[in-house]
Amino acid sequence: QVHLVESGGGSVQPGGSLRLSCEVSGFNLAVHNIGWFRQAPGKEREGVSCISRIDGSTHSADSVKGRFTIFRDSAKDVVYLQMNNLKPGDTAVYYCAMSEVDYNGSCPPSTKYYDYWGQGTQVTVSS
């Protein structure tokens with residue numbers, strides 16, 4: 001049975017850092033696409049970063065490029081999202097998800113391609 005469990009969220013001041021973890025089970029992490037998404041109150045869920053099953057390449061939303069990094073440890077079945085220089089606009093519930101399909105030869109950027117989701121972890125950036 002497929003499971004994804006996020007952890008590592010919390011409250012941080014602007015400019016701070018957090019590392020989110022997504023522990024997976026029930027499937028081979030090395031051959032599935034994983035994405036991180038977030039949803040702020042009153043807004044739609046949006047893609048943050050994803051890592052491709054094909055070659056490990058990563059893609060990030062423009063709003064987080066240069067600040068967030070996605071990477072995986074297949075031996076530990078964990079995908080991480082390192083978040084640096086956090087801003088109040090990053091406040092949201094963060095979700096990891098797994099997709100069995102590719103998009104343009106890489107990981108899909110949109111929620112509609114992801115079938116399995118974790119329960120989410122809250123990230124709050126405030127002074």
Side-chain angles (χ1 to χ4, degrees):
Q1 191 171 3
V2 173
H3 283 292
L4 300 96
V5 180
E6 303 93 337
S7 61
S11 295
V12 64
Q13 292 185 340
S17 297
L18 285 173
R19 177 177 290 185
L20 305 184
S21 298
C22 174
E23 296 185 46
V24 309
S25 60
F27 64 95
N28 187 344
L29 179 60
V31 296
H32 287 83
N33 297 309
I34 298 294
W36 280 98
F37 298 82
R38 66 186 182 186
Q39 187 166 19
K43 295 187 177 181
E44 292 188 355
R45 194 169 297 186
E46 63 176 1
V48 176
S49 296
C50 67
I51 185 164
S52 171
R53 69 178 185 87
I54 297 175
D55 56 5
S57 59
T58 64
H59 302 275
S60 293
D62 288 342
S63 59
V64 306
K65 280 181 180 177
R67 300 189 298 122
F68 291 12
T69 303
I70 184 173
F71 59 101
R72 67 187 177 200
D73 185 335
S74 295
K76 295 182 178 180
D77 284 336
V78 182
V79 177
Y80 301 95
L81 184 68
Q82 178 67 43
M83 306 187 296
N84 299 327
N85 190 21
L86 282 159
K87 304 176 180 181
D90 296 318
T91 295
V93 177
Y94 283 71
Y95 301 88
C96 64
M98 183 269 276
S99 172
E100 297 176 299
V101 300
D102 302 317
Y103 181 84
N104 287 343
S106 190
C107 52
S110 174
T111 58
K112 66 181 180 181
Y113 296 102
Y114 290 80
D115 295 318
Y116 301 93
W117 293 81
Q119 82 290 348
T121 185
Q122 176 71 46
V123 171
T124 302
V125 185
S126 174
S127 55

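Residues take their numbers from the sequence shown, with the count starting at 1. The figures that follow rest on heavy atoms only: side chains count, while hydrogens, waters and symmetry mates do not.
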Return the [atom1] to [atom2] distance between [X] and [Y], rounded to the nearest 0.5 Å.
X	Y	atom1	atom2	value
Ile34	Ser52	CD1	OG	11.0 Å
Arg53	Arg72	CZ	CZ	10.5 Å
Gln13	Ser11	CD	OG	10.5 Å
Asp77	Leu29	CG	CG	6.0 Å
Leu81	Ser21	CG	OG	9.5 Å

Looking at every heavy atom in both [X] and [Y], which two are closest together, and how far apart are they?
X	Y	answer
Leu86	Leu18	CD1-N, 3.9 Å
Arg38	Ala92	CB-CB, 3.8 Å
Leu4	Cys22	CD2-SG, 3.8 Å
Val123	Gly9	CG2-CA, 4.2 Å
Tyr114	Cys50	OH-CB, 3.7 Å
Met83	Leu20	CE-CG, 3.7 Å

Within a strict 4.5 Å, meaning less than it, do heavy atoms of the [X] and [Y] side chains meet?
X	Y	answer
Cys107	His59	yes
Ser126	Thr91	no
Tyr116	Phe27	no

Practice task
Report yes or no: does Thr58 contribute a side-chain atom to a donor-acceptor pair with the main-chain N or O of Ile70 at less than 3.5 Å?
Solution key: no
Practice task
State whether the side chain of Glu6 and the backbone N or O of Cys96 hold a donor-acceptor pair below 3.5 Å, judged by distance alone.
Solution key: yes
Practice task
Would you sort out whether Phe71 and Gln82 count as a side-chain contact (heavy atoms from CB on, under 4.5 Å), showing the intermediate values?
Solution key: CA-CA 8 Å; Phe71 59 101; Gln82 178 67 43; 4.1 Å; yes
Practice task
Check the pair Val5 / Gln119 against side-chain contact (heavy atoms from CB on, under 4.5 Å), numbers first and verdict last.
Solution key: CA-CA 7 Å; Val5 180; Gln119 82 290 348; 4.1 Å; yes
Practice task
Apply side-chain contact (heavy atoms from CB on, under 4.5 Å) to the pair Val24 and Met98, showing each step before the final yes or no.
Solution key: CA-CA 9 Å; Val24 309; Met98 183 269 276; over 6 Å; no
Practice task
Salt-bridge test for Lys65 and Asp62: reply yes if a basic N is under 4.0 Å from a carboxylate O, no otherwise.
Solution key: yes
Practice task
List the steps, then state whether side-chain contact (heavy atoms from CB on, under 4.5 Å) holds for Glu46 with Thr111.
Solution key: CA-CA 7 Å; Glu46 63 176 1; Thr111 58; over 6 Å; no
Exercise for the section: Indicate, with yes or no, if Phe37 and Ile51 share a hydrophobic cluster defined by side-chain heavy-atom contacts under 4.5 Å among Ile, Leu, Val, Met, Phe, Trp and Tyr. Expected result: no
Practice task
Determine whether Val101 and Val2 fall in the same hydrophobic cluster, where Ile, Leu, Val, Met, Phe, Trp and Tyr are linked whenever their side-chain heavy atoms lie under 4.5 Å apart.
Solution key: no
Problem - Geometric class of the Trp117/Tyr95 ring pair [parallel <30°, tilted 30-60°, perpendicular >60°] - result: perpendicular
Exercise for the section: Kindly confirm or rule out a cation-pi arrangement of Arg19 over Tyr80, judged by NZ or CZ under 6.0 Å from the six-membered ring centre and within 45° of its axis? Expected result: yes
Exercise for the section: Please step through ring pair (Phe, Tyr, Trp, His ring centres under 6.0 Å) for the pair Trp36 and Phe68, ending with a clear verdict. Expected result: CA-CA 11 Å; Trp36 280 98; Phe68 291 12; 9.9 Å; no
